[in-house]
Amino acid sequence: MAELRPSGAPGPTAPAPGPTAPPAFASLFPPGLHAIYGECRRLYPDQPNPLQVTAIVKYWLGGPDPLDYVSMYRNVGSPSANIPEHWHYISFGLSDLYGDNRVHEFTGTDGPSGFGFELTFRLKRETGESAPPTWPAELMQGLARYVFQSENTFCSGDHVSWHSPLDNSESRIQHMLLTEDPQMQPVQTPFGVVTFLQIVGVCTEELHSAQQWNGQGILELLRTVPIAGGPWLITDMRRGETIFEIDPHLQERVDKGIETDGSNLSGVSAKCAWDDLSRPPEDDEDSRSICIGTQPRRLSGKDTEQIRETLRRGLEINSKPVLPPINPQRQNGLAHDRAPSRKDSLESDSSTAIIPHELIRTRQLESVHLKFNQESGALIPLCLRGRLLHGRHFTYKSITGDMAITFVSTGVEGAFATEEHPYAAHGPWLQVRRPFFFSLLPFVDFLAHPSSSPLAALGGTPSWEAGHERLLDSGPGACV
């Protein structure tokens with residue numbers, strides 16, 4: 001639960017710092033909070049006490065909201081530069097505000113503070129609107145809960161599949177991209193460095209393009225369309241057209257980028273799981289019971305059609321021909337220099353090597369059973385065309401545990417799956433390296449143009465064995 005109040009009053013007093021905490025600071029405001037306030041005052045010197053949404057019960061006292069505060073400022077924009085007046089939201093809580101280990105472990109002043117970033121959001125101000133809507137604060141709390149619960153951090157260019165209008169209306173703005181805030185500068189606090197990542201609302205078609213190509217490229221296109229974001233990427237929840245409907249030529253630039261660059265999405269958090277079919281099932285309910293001994297049975301016609309339909313849906317996202325390459329803006333080194341307990345974002349434009357955990361013995365498997373929810377399975381074409389064909393890898397990281405599945409291609413350094421042993425595992429981490437995937441390409445190409453041949457022609461595609469990869473619809477899930 002949160003309340004709306006003017007900022008300026010100090011929060012509750014914390015217990016005395018423990019022996020591992022940095023020295024206490026004589027200030028009404030916690031020093032991390034004070035440092036971020038300083039950057040806000042630099043931008044908004046005429047708004048010393050903005051409206052603020054605050055968690056009534058702080059996270060460190062058992063409350064449900066990780067962000068202590070969300071400040072809301074009125075930004076006049078710059079009409080001459082196509083920057084409309086808007087509301088500017090700034091979070092407090094993903095970074096270390098207190099430095100006494102009540103929320104984040106203090107690791108020194110040279111690295112990131114807490115998770116190393118705070119979230120911002122710019123919402124176009126409606127005519128006659130005298131106060132900022134508060135729903136963006138709850139949206140930011142939702143993203144913060146994900147970060148705290150998963151310890152996955154965000155980077156510029158990342159995307160979030162939300163699958164619902166951000167303001168719970170009928171808007172087409174139902175997903176998010178993340179980028180550097182155009183005005184907020186990195187802040188050095190007594191507890192480390194804080195950068196500011198801005199949430200950008202996008203349509204489903206724009207999200208799919210970011211997945212198939214890269215988030216930075218789509219952000220650059222959004223900046224060129226004033227009503228879709230403009231230079232400061234301001235979200236307009238009333239926008240009823242995608243950038244591709246506003247300017248059809250932009251789709252050609254995206255398609256060319258996909259063809260030239262592939263995808264820089266190196267993985268997603270998803271509902272997924274895998275089983276080792278080399279071992280006999282433990283009971284009749286064990287999913288490995290689909291394997292009789294070491295000889296897998298063929299999938300049923302229903303399973304095969306489900307696989308085909310999942311692939312078809314994925315290919316509808318990217319079935320057109322494929323900007324001159326836009327060089328992704330790399331996050332500065334500060335954001336990647338995280339404490340060992342933090343997990344990096346899976347989206348990357350580099351990352352061509354996989355470093356296995358040396359203390360876990362590698363197990364070679366004869367066959368595996370893979371399970372994905374519908375949305376994750378629809379990304380298989382991206383995995384094939386955008387990653388493996390470009391000599392890269394793609395990872396599905398389970399959102400319900402430590403399990404992960406990585407598909408690797410020849411040339412990926414450090415992979416423990418080999419041509420001789422294409423299925424290999426380190427603990428709960430499975431790697432799959434098999435030419436089988438490339439035998440699917442004729443099937444994938446056909447699905448991209450289903451009108452070119454009758455559906456019955458699918459009978460000549462490679463057989464789908466339970467010993468190979470299998471897609472199952474296990475319900476809705478989210479990609480980040």
Side-chain angles (χ1 to χ4, degrees), residues 82 84 86 119-124 136 139 143 154-167 169-182 197-265 268 313-326 328-329 345-347 349 375 378-379 381-382 385-386 478-480:
N82 288 318
H86 60 278
L119 294 170
T120 73
F121 182 61
R122 295 175 185 268
L123 177 67
K124 184 179 178 183
L139 181 73
L143 293 179
F154 293 127
C155 292
S156 178
D158 281 357
H159 71 269
V160 180
S161 302
W162 200 250
H163 299 290
S164 177
L166 303 188
D167 60 352
S169 67
E170 299 298 319
S171 175
R172 292 185 69 178
I173 308 299
Q174 301 188 9
H175 309 279
M176 292 166 272
L177 297 179
L178 290 151
T179 187
E180 297 94 347
D181 188 285
L197 288 179
Q198 179 176 316
I199 300 165
V200 181
V202 296
C203 302
T204 299
E205 295 84 351
E206 294 155 358
L207 172 84
H208 289 163
S209 293
Q211 292 175 328
Q212 299 293 323
W213 183 28
N214 64 72
Q216 295 289 7
I218 299 304
L219 288 165
E220 289 296 328
L221 295 184
L222 288 167
R223 288 186 178 99
T224 68
V225 183
I227 63 175
W232 288 4
L233 294 169
I234 297 165
T235 299
D236 180 0
M237 295 303 297
R238 294 178 179 270
R239 174 160 69 96
E241 295 179 298
T242 71
I243 57 173
F244 309 115
E245 293 166 341
I246 296 169
D247 184 354
H249 295 293
L250 295 181
Q251 183 64 61
E252 297 175 7
R253 297 177 66 185
V254 171
D255 293 341
K256 183 65 175 178
I258 294 172
E259 183 179 290
T260 304
D261 306 333
S263 172
N264 80 335
L265 180 65
V268 292
R313 280 193 295 268
L315 284 156
E316 287 173 353
I317 298 171
N318 180 26
S319 61
K320 299 180 181 179
V322 233
L323 236 152
I326 294 177
Q329 299 175 1
S345 160
L346 285 171
E347 186 158 352
D349 64 308
E375 181 177 7
L379 291 175
L382 180 153
R385 285 176 164 166
C479 294
V480 177

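The figures here come from the full heavy-atom set of this structure, side chains too, leaving out hydrogens, waters and symmetry mates.
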Quiz question: by atom type and distance under 3.5 Å, do the side chains of S156 and E180 form a donor-acceptor pair?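 A donor-acceptor contact under 3.5 Å links the two side chains.
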Decide side-chain hydrogen bond (donor to acceptor under 3.5 Å, both in side chains) for T179 and R223; before the verdict, give the C-alpha distance in whole Å, the side-chain angles of both, and the deciding distance to 0.1 Å. CA-CA 11 Å; T179 187; R223 288 186 178 99; 3.2 Å; yes
Output all residues satisfying salt bridge (Lys or Arg N to Asp or Glu O under 4.0 Å) with E245, sequence neighbours left out; order by chain, then residue number.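 Per chain and number, E245 pairs via salt bridge (Lys or Arg N to Asp or Glu O under 4.0 Å) with R172.
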Applying salt bridge (Lys or Arg N to Asp or Glu O under 4.0 Å) to D236 and not counting sequence neighbours gives K124
Tell me, please, which residues at least two apart from T224 pass side-chain contact (heavy atoms from CB on, under 4.5 Å). none
Minimum heavy-atom separation for [X] to [Y], with atom names?
X    : Y    : result
I173 : C203 : CD1-SG, 3.8 Å
G215 : L177 : O-CD1, 4.3 Å
L143 : W162 : CD2-CZ3, 4.0 Å

When you measure from the side chain of T235 to the backbone of G201, do you find a donor-acceptor pair of N or O atoms at a distance under 3.5 Å? yes
Do side-chain atoms of S209 reach the backbone of E205 as a donor and acceptor pair under 3.5 angstrom? yes
Check: F244 and E206 side chains under 4.5 Å, non-hydrogen atoms: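 In contact.
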Measure the spacing between CZ of R239 and CD1 of I227 and express it to the nearest 0.5 Å. 7.5 Å
Give the C-alpha distance, both sets of side-chain angles, the deciding distance and a yes or no for ring pair (Phe, Tyr, Trp, His ring centres under 6.0 Å) between H163 and H175. CA-CA 6 Å; H163 299 290; H175 309 279; 5.1 Å; yes
